Amino acid sequence: MIYDTIVVGAGPSGCSAAERLATEGFSVLILEEHRKVGEPVQCAGLISPRTLQVSGVTEDVVINRLTGVRVFSPLGARLDICAGREHALAVDRAAFDRYLAERAQEAGAELLTGARVRDLQRTGTGYRVTAYISGNCTAFDARLVIGADGANSLVAKKLALPAGKNPRAVMYAADVELHREDTSLVDIFLGRQLAPGWFGWVIPLNKHLCRVGTGHAFCRRKHSPSYLFRNIIRSFPEHFRDMKIIRYTGGIVPMGLAPRIYAPHALLVGDAACQTKPISGGGIYLGLRGAQVCAAVAARALREDDLSEKKLARYQQLWEEEFAEEINCGVGHRQSYLRFSDSDIDQLLRFLDKPYWKSLILKHGDIDYPSWLARRLFSAGPWMQKFVRAALALNGYGLNLKNGLKNILS
Ligand SMILES: Cc1cc2nc3c(=O)[nH]c(=O)nc-3n(C[C@H](O)[C@H](O)[C@H](O)COP(=O)(O)OP(=O)(O)OC[C@H]3O[C@@H](n4cnc5c(N)ncnc54)[C@H](O)[C@@H]3O)c2cc1C
């Protein structure tokens, strides 16, 4: 049998693309290397209410609803932003993935777990995909292959579409027992010795359980993420008093626009296609949106029996039309942030700790589209201008702040 599509990887992006194609009547096979979809979890599971809506997953996966954030500087400043409404949801990530996989199957997709793809070979009609299943090599043929196999995508490597030069966040995290009186606020820790180029986090799940993590990004590595993790715990002893580790986790997130996410008879989606937010490393929302665009282009190409490079290039075009500016802005902000000393961070938090700026942050802050807030904060004077300078340059506005500001606000 020749499948219309083989999807490699049963994460949210792969399952979502598979479901959409199966719903359109195409034969779809999903190959997932792990025995259980969604496990092991390598994610903090923080998503926006919008993401839950886009995913179509039921509210059952929601463990906690977060209404605000406390940002800690390494030098003692603290910025508390508390909204009256929920801005983020902490979800059971394994259940989230399982739900999407079940829905893909209900739509008609076949799912093979414990099937690790190890090779792709071009055939006259598309690709032959070889996978290890229970120690045996099994081959499957498809007209189209979708690589949804995450940050270390084998499909991308085999197709010579690696985004190897893109920056990566490397993270170390844990599920912990930690007492929290207020369970509605996420904590963010900033500082060169705690999370260079990145941030540390505590996401409360309830009064006794939290997700904690940190990492580094966009910078030459000085310390391992596990060292940074221990450093945060050491630096805020009151905060982490009596904390008990339940389970360590971590992983990487690739960031920035991937140079190419299509090839003849093949597409990449999700982390494999660098569809992540450079400000937070969040990839679930962008991966789901990527899957929508990917499946729409794939369905048309399959229907017209034209899986040429030219036809599939439409996917990259549509993706970039929608997200290139947002992603470039995020990369720019991260690069600017690298130039911030601990003292800069401290002063910035103290500067923003005023009713006007806080209300602006509350009004325009959106975890899926951080550039919306960045644009508004522009007028916050030299601090913010320093912060957004690289973002403007990346988006082609040059380094002229005045013109950049005019363009971006228009
Ligand atoms: C520590 C950490 C915290 C994070 N926190 C958040 C967060 O709070 N919110 C958020 O939105 N994002 C977060 N992310 C990012 C998020 O986890 C990813 O962006 C998201 O999982 C991407 O989904 P995906 O479907 O593209 O890939 P994945 O979820 O990585 O799925 C890829 C799938 O492919 C399978 N696979 C890989 N190789 C093969 C192969 N050769 N053969 C068969 N199967 C294969 C894998 O087993 C996996 O199931 C975090 C990431 C990390 C590392």
Side-chain angles (χ1 to χ4, degrees), residues 6-18 29-48 50-52 54-55 66 88-91 93-94 96-98 100-101 104 111-120 129-133 140 145-158 168-175 186 198-201 203 211-215 217 225 229 248-255 258 261 268-291 294 367-368:
I6 289 179
V7 177
V8 183
S13 319
C15 288
S16 177
L29 172 67
I30 311 172
L31 297 172
E32 165 56 46
E33 66 178 344
H34 291 112
R35 297 226 163 263
K36 285 190 178 169
V37 168
E39 294 178 32
V41 174
Q42 289 185 295
C43 181
L46 195 73
I47 61 172
S48 63
R50 179 193 296 110
T51 306
L52 192 69
V54 168
S55 72
L66 289 313
L89 308 169
V91 298
R93 173 65 202 267
F96 183 87
D97 286 21
R98 274 198 306 274
L100 290 173
L111 168 66
L112 268 184
T113 55
R116 183 161 62 85
V117 169
R118 57 175 288 265
D119 200 16
L120 305 182
V129 180
T130 312
Y132 274 125
I133 303 173
F140 304 91
V145 171
I146 296 181
D149 48 344
N152 288 316
S153 172
L154 176 103
V155 176
K157 282 179 201 132
K158 292 281 172 192
R168 296 181 153 221
V170 185
M171 290 175 266
Y172 194 80
D175 293 341
V186 172
W198 204 239
F199 59 92
W201 67 86
I203 300 169
R211 293 175 182 153
V212 181
T214 185
F229 185 91
Y248 282 110
T249 175
I252 57 169
V253 173
M255 283 166 297
I261 53 176
L268 301 177
V269 73
D271 276 16
C274 290
Q275 290 168 336
T276 61
K277 293 174 277 185
I279 296 282
S280 65
I284 300 174
Y285 175 65
L286 263 64
L288 291 171
R289 296 287 294 111
C294 173
I367 65 170
D368 293 328

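All values below come from the heavy atoms of this structure, side chains included, with hydrogens, waters and symmetry mates left out. Residues: numbered from 1 along the sequence shown. All values derive from a computational prediction rather than experimental measurement. As the structure lists them, so they are numbered: ligands from 1, and atoms in each ligand from 1.
Protein heavy atom closest to atom 40 (C) of ligand 1, with residue, atom name and distance, is Val117 N, 3.7 Å. Looking at atom 3 (C) of ligand 1, its nearest protein heavy atom turns out to be Ala44 N, 3.3 Å. Counting only heavy atoms of the protein, atom 6 (C) of ligand 1 lies nearest to Cys43 SG, 3.3 Å. Among all protein heavy atoms, the one lying closest to atom 9 (N) of ligand 1 is Leu46 O, 2.9 Å. Residue, atom and distance of the protein heavy atom nearest to atom 12 (N) of ligand 1 are Gly283 N, 3.1 Å.
With Ser48 as the fixed residue, the side chain to side chain contact (heavy atoms under 4.5 Å, CB included) test singles out one of Leu89, Ile284, Val54, Asp368: Asp368.
More than 12 heavy-atom neighbours from other residues, nucleotides or ligands sit within 6.0 angstrom of CZ on Arg50.
Of the N or O atoms in Pro12, one or more lie within a sub-3.5 Å distance of an N or O in ligand 1. Checked against a 3.5 angstrom limit, the closest N/O atoms of His34 and ligand 1 fall inside it.
Side-chain contact between Val129 and Val145 is present, with heavy atoms from C-beta onward closer than 4.5 Å.
Taking all heavy atoms of Asp271, Leu286, Leu268, Val91 into account, the minimum distance to atom 19 (O) of ligand 1 is reached by Asp271.
Of all the atoms in ligand 1, the ones that sit under 4.0 Å from a non-hydrogen atom of Gly251 are 53 (C).
For Ser153, the closest heavy-atom approach to ligand 1 does not fall below 4.0 Å.
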